[in-house]
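Step one of this worksheet: look at the structure below.
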Amino acid sequence: MKPKVVFVCQECGCQAPKWMGRCTECGAWNSLVEERVGEPAPAAAGGTTNRYSQLGASGSAKLYAEVNLADAVRLSTGIDEFDRVLGGGVVPGSLVLLGGEPGIGKSTLLLQAAAHFAREVGPVLYASGEESEHQIKSRGDRLGIGDTPLYLLSETCIERILEEIARLKPSLVIVDSVQTVFSIKFQSAPGSIGQVREAATQFLFAAKGQNIPTVLVGHITKDGSLAGPKVLEHVVDTVLYFEGERHHSHRVVRAVKNRFGAASELGVFEMTGTGLRPVANPSKLFLSERATGTPGSAVLCCVEGSRPLLVEVQALVSVSTYGNARRMAIGFDQNRVSLLLAVLEKRAGLSLAGDDVYVNIAGGMSIEEPAADLSIVAAVASSVRNRSLAASTAMFGEVGLSGEIRGIPQAGLRIREAAQMGFTRVVMPASNIDPGESVSGGCELVGVRTVGEALDQLLT
Ligand code: TYD
Ligand code: MG
């Protein structure tokens, strides 16, 4: 039988029977690549022809009350911050995808975690398609990895890696990276969408079938999507992203999907000469270089996952020398900044026409939650009026189009973090304060209802 050929878009995974210059699904140009569909797999032991059938081995349905949660143990990687993003440790049989730009520290983190895990739990297989055993070991020496049952395998063939997994029966498998491995069943090059999808599927079988937790490393392209993109996210149990700027020493690992824990959970690390060091108190790190007493700087209490975090929001407003004013935001949605500037002009009487406005979340953090609105508005107003905000004041709150300050979730958590970091005053949505409450944890709570009220309280 002639092998079937399909053309697969490398951007979105859409398949077409013939080559086209442009994907009809996502509109990407020149993204279709020829792939051969694999020969049907030989019949599995049970006489079924579908190789996927081995996944559903559990048989009959169970009563809700009879499902025993005590089976759901968590295995610690020995790195607190990494355990935290995983939702409390590695779940046996889970498949985790760790994505990030090249050079951000994925291999370093996983090698450190692998060494700990091998020492505490059991043997670990670290399969790398990128580096030789020598290279991995010389990195390990720098990280101070001693004698542990850590097996290194420099291999790119998935079937070979699976053989080693079957032979060693490790407690954890790491595959670095999913874009460098290939299956002999496919003709296409490693890193193509068919190979990446096959790799994820095969390792999923291994993880579920033998109850071995597996971590796949995935490289991210410049535009932020996993190369061999979204096809992996729904296959794996947990998707973690490594964020941070190469020029800053700190790194953030964020869970964007987790079947076993809170999504958007955050782990903070610092890259040092001897590997990644967990940062137990990230607020301290993010505020460490804050210039107090300068206009245009505000402190925001945000919450990422279950973790409160204080970050500095900076704004700079300057007269535009060229015709059209520039509006720029780093670490925050640009459109939202434009919206907030419009609210400031209309509802608080600030004139920004003809001014360049720059907004920056200090330390390379990126923030999505609308609770940051108030701090952005405050930082911009502070810069426009050239008056600094009180150094001991923190804030949070969403800003609506009518200039109202809206309540946000988890206010208590934010206040506690501010108090712990030595702030004495928190400006926040009035609707988040219980009647009669004006002090919490040593922090004065100032409830505000409108942008105007907030600016009166903040810029005295
Ligand atoms: P790496 O883990 O190789 O990145 P990835 O696997 O995500 O591509 O990290 C490489 C970078 O980390 C490299 O630029 C050097 C830096 N680094 C340190 O600063 N300290 C260290 O101890 C190690 C091992 C790496
Ligand atoms: Mg690497």
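Start at 1 and go down the list; that is how both ligands and their atoms are numbered. Numbers here simply count residues along the sequence, with the first being 1.
Between Arg139 and Glu131, at least one side-chain nitrogen of the basic residue sits less than 4.0 Å from a carboxylate oxygen of the acidic one, meeting the salt-bridge criterion. Salt bridge Arg307/Glu265: absent, no basic N to carboxylate O contact under 4.0 Å. With respect to Lys185 and Glu198, a salt bridge is recorded, a charged nitrogen being found less than 4.0 Å from a carboxylate O. A salt bridge links Arg336 to Asp373: one of the charged nitrogens lies within less than 4.0 Å of a carboxylate oxygen.
Between the side chains of Ser297 and Glu312, at least one donor N or O sits under 3.5 Å from an acceptor N or O. Side-chain contact check for Asp356 and Ser320: at least one donor-acceptor pair (N or O, by modelled atom type) lies under 3.5 Å. Using modelled atom types and a 3.5 Å distance limit, the side chains of Ser76 and Glu120 yield no donor-acceptor pair.
Residues passing the salt bridge (charged side-chain N to carboxylate O under 4.0 Å, His left out) test with Arg414 are Glu369, sequence neighbours excluded. Residues satisfying the ring-ring contact (aromatic ring centres under 6.0 Å, His included) criterion with Phe286, sequence neighbours excluded, are His250.
Take a cut-off of 2.8 Å around the Mg ion (ligand 2): the protein N, O or S atoms inside it are Ser107 OG.
When heavy-atom distances to ligand 1 are checked against 4.0 Å, the residues falling inside are Glu101, Pro102, Gly103, Ile104, Gly105, Lys106, Ser107, Thr108, Arg139, Arg142, Leu143, Met271, Thr272, Gly273, Thr274, Gly275, ordered by chain and number.
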